Amino acid sequence: MGAVNAAAAPSPDPVALDAHLVVEAGDFSLDLELGCAVGVTALLGPNGSGKTTALTALAGLRRPRAGHVRVADAPEPEWLDLDRGVDLPADRRSVGLVLAEPLLFPHLDLVENVAFGPRSRGMPRRAARARASLELERVGLGDLARRRPGGLSSGQAQRAALARALATDPALLLLDEPLSALDPQTRSATRADLARRLREFAGVTLLVTHDPVDALTMADRLVFLDGGRVTQDGTPADVVAHPRTAYAAQVVGLNLLAGTVRSGPPVVVAVDGAGAEVVTAEEPGGLADGSRALATVDPAAVSVHRERPAGSPRNVWPVVVTEVTMAGQRARVGLDGPVPLVAEITAGSVAELGVVAGTRLWASVKATEVRVQPG
Amino acid sequence: MGAVNAAAAPSPDPVALDAHLVVEAGDFSLDLELGCAVGVTALLGPNGSGKTTALTALAGLRRPRAGHVRVADAPEPEWLDLDRGVDLPADRRSVGLVLAEPLLFPHLDLVENVAFGPRSRGMPRRAARARASLELERVGLGDLARRRPGGLSSGQAQRAALARALATDPALLLLDEPLSALDPQTRSATRADLARRLREFAGVTLLVTHDPVDALTMADRLVFLDGGRVTQDGTPADVVAHPRTAYAAQVVGLNLLAGTVRSGPPVVVAVDGAGAEVVTAEEPGGLADGSRALATVDPAAVSVHRERPAGSPRNVWPVVVTEVTMAGQRARVGLDGPVPLVAEITAGSVAELGVVAGTRLWASVKATEVRVQPG
Amino acid sequence: MSTRGRGGRVPLLVPAGLALTLVALPMLALLLRVDWAELPTHLSRPVVGQSLRLSAVTTSATMVVVWLLGTPLAWVLARSDHRLTTWVRALVTVPLVLPPVVGGVALLMTYGRRGVVGGWLEQATGLTVPFTTVAVVLAEIFVALPFYVITVEGAMRGLDRRYDQLAATLGAGPLRTFTRVALPMVLPGVAAGSALAWARALGEFGATITFAGSFPGRTQTAPLGVYAALEQDPQAAIALSLVMLLVAVVVLGALRSRWVP
Amino acid sequence: MSTRGRGGRVPLLVPAGLALTLVALPMLALLLRVDWAELPTHLSRPVVGQSLRLSAVTTSATMVVVWLLGTPLAWVLARSDHRLTTWVRALVTVPLVLPPVVGGVALLMTYGRRGVVGGWLEQATGLTVPFTTVAVVLAEIFVALPFYVITVEGAMRGLDRRYDQLAATLGAGPLRTFTRVALPMVLPGVAAGSALAWARALGEFGATITFAGSFPGRTQTAPLGVYAALEQDPQAAIALSLVMLLVAVVVLGALRSRWVP
Amino acid sequence: GPATGGTSGGGSGSGAPTSDGLTVLAASSLTDVLEEVADLVRAEHPDLRVDLGFAASSTIVQQVGQGAPADVVVLAGPEPLAMLDPDLVRGDPVVVATNTLALAVPAGPGSDPGAGPVASVEDLARDGIRLVVCRPEAPCGRAAQTLLTDLGLAPRIASYEPDARATLTKVELGEADAGLVWGTDVLAADGAVRAVPLPEGAEVVNDYPLAVVSDDPAAAWFVEAVTSEDGRKVLADAGFGLP
Ligand SMILES: Nc1ncnc2c1ncn2[C@@H]1O[C@H](COP(=O)(O)OP(=O)(O)OP(=O)(O)O)[C@@H](O)[C@H]1O
Ligand SMILES: Nc1ncnc2c1ncn2[C@@H]1O[C@H](COP(=O)(O)OP(=O)(O)OP(=O)(O)O)[C@@H](O)[C@H]1O
Ligand code: MOO
Ligand SMILES: [Mg+2]
Ligand SMILES: [Mg+2]
């Protein structure tokens, strides 16, 4: 690791990528500070939150308005420092880029595709081809080396794209939704290969994804973006336990309600915007009256009823169905009411209750099913 | 209802559509007999099973090799009878067609789009426009009448396509995956409007879909196709209780294992192909030794483990993960082993067990969770 | 284009600039050689007005024929999957790559006094076609029609067939589907094809001079006028060239984004 | 096409058939008027061999220039988003709709003895361009280059920019990206553009006769040969026309599916 | 008028012969003079539409043979006349004028005979001289060939132009150093070119025969005009010889 970096990184995980990017694109502006250690950092966020923008700026394909990029392990570690007029073109940065589509060069066979990078960086033909063959072996495509991309399945093509990106030994690997264009079955198989290959990779990986499976199974750290700004940054376990935005909660499959504490007992959270209150079973101890809080509810803990339920649940609201999706025998039902909720019910209930969008129902949540964290 | 039909239909539900279609398309052949009453019949089946082929043949857009089509309520009820040389062109049949894409005529505004059918069938301009306005009101687009399709959301466009198809009072309404191109939120809202409008429609509707929500919430009857042949035909409740093919089981979210009974106790089903046996908790009474049977297992009843479980489950198999998908806090995990299975587990378990494609696990199912029906 | 890597692009910019020069310089030179003070005088020479008028008349007649006959042909080609269709399409395309002079010879062989149709036509009606304004129009149709048909057919083939099928289920027969659905939906293609065909007809020289000759007021269209004036009155030729250059620029302006295939 | 509804198509088939006749009949007539028995004799007339040879030489030279200069220009146009690019593209496109005779006048104003470049060139080197084979090549480049550039640029613009970007992240500079990625990927477009440009150069008549004159063996290319022979030796003109028709058909055969925009 | 529109038999009808217009196709050297002759016809027949077309004689013969509408053709020499389809010719052709070949050079600034590279016939043989002539099938081209043979010269030819006027233009524009054209063309050029004197006895003289090729009565009116005193004066003033 370079001297520049050793000095700049007092943390136990040395900072291998140190970037600050200020990018303007039309109405949109991105302002992102990122310090990453070797390993996989997932970048998550709603559509248009600036994930792709950040990646292209790091790769040198888009010019930021201000900022800097330093990558300790790269042959030229100083990639961008606009104050000092440094701005390496993409072909002199040491990045590997994989997009949703494989975009293999269609006129080259797989070995030539993967050898393109080493050749471009001056490696002799034989050495480049040997290196390419090795990379193809590593992603399980050794026997397809002489095939043209046209003859590959989408999963094979995407693995070849990964091999191509890694064949130049990049200091920074950028993956922009690398599995999103694959059909579900192929996606699982390819994810397994990707996860294995990433564990062997000794550089910094930035993985953009919308898929919770990717985030939970491959990343060491999750960074959430929204509107070009970081909204949450933590380990997968952190985020599952304490999602801080609706998007993060959705990724981990929870309902998130932000509001103000009215200390109890019972502790109540007055949900922002809505007139509704959520009754909890929390101890009043930890939560000061008037403090901000985030309440989370598991969709499976939301019950729906045709008539207003009479029983024990403390939280009961009239709702309208906005959406029904099914996965196996369970349906996820979007509900609009005093608070927006997602409920998970059985397929049987869907038919029985006649749940289609527009149906009016009652939703209930037991106080014991509500988790609260300071917000 | 025409005299032809009254004579041909002794059943309580009079047969409004009576068709036999034999279509050849390359290697594929379709041979479908269909008798439908007024109401909604859903046509389901895997990709390439012939659903679209059947619809285009009914509409007169593709010429069958043999067969007949009679639609009792149409102005000319005899649409096709190749033995007698009858083959009405599409413009003289009385069909309404809605495809996955709205395909509104982009140079016409909504009223003109919807009035196109009545005008083509000779209705005077004013009357046609009045009728079109009425149809647009019915699908909630009354105030967008003068908009061009370019300015519509996908859901609005699809509702306009429905209005256009219904404005000619077709005797037969053909819907080919009408919601599949919509994003999930729009789909739910549009499904609600479609369901409502179909309840008002007095003709025969054939609804092609892959979506269990459509099938369970809108259809009176489900017809499953595979390889151009009918594999199951029944009410939604029937199919949920007794799916007869893997595809039907998948639609209703169950694991289906076909095999041969070895009468007990305990009753065991020897699964076809695999060497595996499934132990059940059924009474031996109803199932003869050596008879065919279909065993169904709810995915939520399939447990997965890192080590071979020691406890009570009678059915334990080593498996390999093929696929992981998540919906909310639940993950569906595809498993390959002596029997192919889908298991439903929590997101927490996914992270805890490190479930990615390729992971080796043990799957177990309690005997009491296995339902058996004669196959 | 970002300025980064501009240095690496020089090996590309030099030949690109040369290519541009080869095409642009002559047009610039034409402008430089115009005697602007005397331009109105030169533009008032009879050859200018007469040939421009004749070009206007003949290209208009050509476009009427092209629209009325070319549009149905494009539609039939676009929607037919008969195995002969490929051949018919190829046949229609030949004039695109056939030297116009050869087209003129072919037209002479057809409508000339000893031609396949011409001989019969003269005997039957006493009419002769070559070296008349009708011959100019026939020559222009021969070279322009393929441009129109190919462009419009391309647009029509790009039209999703399911629109036709939906129109049929709504009760529209083939003619109504063509006029009310297909044609309105490919109007941009029709506009592009028309502009191309018109420009081709306007510039037509080889087939015209071969088949129709160069008779002022009768067959001497603007390009033939330029060629003739070059011998008698070079400044009139330059003035007329300037007008045609202007027309070319205006046509391109109107086509703009629709141009590129 | 299914036979159903054929009846309703008659109003379309009649004008379509007429359009086809207008284009196909002359080519048929040309074939009918060939004196097949004497064809070898006619093909051995000096004008035939000489003009075909000259056409082969000049169009080959033209294509070399078109490839070497036109390809980089197409790439620069395809990848530049400078606000001037639109103008440059329009400028390059003008010769597509400019009457070739006007192009010839413009070339004369450029490279002629009193032309913008020609005068200077003669003083400096003693070389003159008009009435030489070089003039023929310049005329052919002027009319053919735009066809090539527009076609290839279209193909290159259709090329996903992310291929360039990926090549850059893999360490390839602009020149390597152009030669190793962009060019190989648009080879079909290059082939189509080349065939178009070549056909256009081969058929070029108006600009050539205006700018280069008609000198057997030096500037009399095949179309000019046809035109000259028509008065002196019509059967030789027909024979030469037949050869050109054959060439046109072969070119189209090679282009086939790639033709239509 | 010409034999279009089925009116070719118009003259054979009862009553006074009528004409639907006069079309004259003539060798390009006659461009200006025949316009003046046409004015004579117009003066006699104010309602008559008179159209004139000029091209190389060989072109005229070929076009009339293919059915080009014309009532009268005036050709530069007996050879093109011989090529004309005899079925088309009404009556006997008459020679209406003669012309001689001239060597034209650009007038240049001071109109000094020695200013340009070509000051005499002998200069044509020098290297780098650009001589333009008509193409061999045009009468002026044939005449040029005869002249050069007579003079024993074999100069390098820069271009074979379609007709005499095209040849003259190349000299006018300065693209050529010299051109062999008709003497009358040099006069018509109005000072833009000069004639370099040819050696004694080297002139090539050419006849201009006129042929009537339709039954339209206007054809006769034109013949009258061109052979009238006024017509002969117009030709003589332009430098043509008279038969
Ligand atoms: N060239 C551009 N001009 C104007 N706006 C742009 C440009 N490029 C991107 N944007 C805007 O920048 C914002 C961020 O886009 P970006 O592609 O980075 O989002 P993303 O997080 O990758 O989204 P997704 O999940 O859809 O891929 C968007 O609002 C987009 O409209
Ligand atoms: N014109 C054709 N030529 C050859 N094969 C065809 C043709 N049209 C359809 N097929 C074949 O017919 C079979 C049935 O196709 P069809 O489109 O009816 O299936 P589907 O059930 O609608 O499938 P999906 O769910 O994917 O829409 C497929 O195997 C398809 O390949
Ligand atoms: O007929 Mo010409 O113009 O003297 O060659
Ligand atoms: Mg993105
Ligand atoms: Mg289908």
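Chain naming here is simple, since letters A, B, ... match the order of the sequence lines and numbering starts at 1 in each. These numbers were taken from a predicted model, which means no experiment stands behind them.
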Part of C:Val247 lying under 4.5 Å from any heavy atom of chain D: neither
Side chain to side chain donor-acceptor pair (under 3.5 Å) for C:Ser51 and C:Thr221? Distances and angles first, verdict last. CA-CA 5 Å; C:Ser51 66; C:Thr221 56; over 6 Å; no
Okay, C:Ile209 and chain D: the region with an atom under 4.5 Å from a heavy atom over there is both
Most contact-rich option vs chain C, by heavy-atom pairs under 4.5 angstrom, among D:Ala90, D:Gly173, D:Ala24, D:Ala106, is D:Ala106
Passes side-chain contact (heavy atoms from CB on, under 4.5 Å), D:Arg79 versus D:Thr85? Steps please. CA-CA 9 Å; D:Arg79 278 301 180 259; D:Thr85 311; over 6 Å; no
Segment of D:Val66 engaging chain C (4.5 angstrom heavy-atom cut-off): neither
Which atoms of D:Leu32 come close to chain C, meaning under 4.5 Å heavy atom to heavy atom: side chain ones, backbone ones, both, or neither? side chain
Most chain C-contacting option - heavy-atom pairs closer than 4.5 Å, from D:Ala19, D:Pro95, D:Ala199: D:Ala19
Contacting region of D:Leu224 [heavy-atom separation from chain C under 4.5 Å]: neither
Distance in Å, C:Ser241 OG paired with C:Leu230 CG, rounded so as to fall on 0.5 Å steps: 7.5 Å
Engaged part of C:Val102 at the chain D interface, taking heavy atoms whose separation is under 4.5 Å: both
Taking atom CG of C:Leu20 and atom CG of C:Leu25, what is their separation to the nearest 0.5 Å? 10.0 Å
Under 4.5 Å from any heavy atom of chain C - which part of D:Leu240: neither
For residues D:Gly206 and C:Phe205, report the shortest heavy-atom separation together with the two atoms involved. CA-CD2, 3.3 Å
Steps toward side-chain contact (heavy atoms from CB on, under 4.5 Å) verdict (C:Leu202, C:Glu140): CA-CA 8 Å; C:Leu202 185 67; C:Glu140 290 181 354; over 6 Å; no
Side chain, backbone, both or neither: which part of D:Leu107 has a non-hydrogen atom closer than 4.5 Å to chain C? both
Shortest non-hydrogen separation from C:Ala16 to D:Leu73 and the atoms involved: CB-CA, 3.5 Å
Whatever's closer than 4.5 Å to a heavy atom in chain D on C:Tyr227 counts as both
Looking only at C:Leu22, C:Val249, C:Val92, the option with the highest number of non-hydrogen pairs under 4.5 Å against chain D is C:Leu22
Given the options C:Gly103, C:Gly158, C:Ala29, which has more heavy-atom pairs under 4.5 Å with chain D than any of the others? C:Ala29
D:Val152/D:Trp75 under side-chain contact (heavy atoms from CB on, under 4.5 Å): CA gap, chis, key distance, verdict: CA-CA 8 Å; D:Val152 175; D:Trp75 180 239; over 6 Å; no
Is C:Arg200 in contact with chain D via its backbone, its side chain, both, or neither, using a 4.5 Å heavy-atom distance? neither
Residue pair D:Tyr148, D:Thr71: steps toward the side-chain contact (heavy atoms from CB on, under 4.5 Å) verdict: CA-CA 8 Å; D:Tyr148 180 81; D:Thr71 317; 2.9 Å; yes
Any idea which of D:Gly70, D:Pro72, D:Pro100, D:Gly17 has the most non-hydrogen atom pairs under 4.5 angstrom with chain C? D:Pro72
Non-hydrogen atoms of chain D under 4.5 Å away: do they reach the side chain of C:Arg114, the backbone, both or neither? both
OG1 on C:Thr93 to CD on C:Glu153, rounded to 0.5 Å: 8.0 Å
Of all of D:Ala155, D:Ala74, D:Gly203, which one pairs up most often with chain C through heavy atoms under 4.5 Å apart? D:Gly203
D:Leu91 side, atom CG; C:Met27 side, atom CE - distance, nearest 0.5 Å: 4.5 Å
Under a 4.5 Å heavy-atom cut-off, does chain C meet the side chain of D:Val65, its backbone, both or neither? side chain
Between chain D and each of C:Leu68, C:Leu28, C:Leu98, C:Val226, count heavy-atom pairs under 4.5 Å; write down the option with the most. C:Leu98
Distance in Å, D:Gln220 CD paired with D:Thr208 OG1, rounded so as to fall on 0.5 Å steps: 11.5 Å
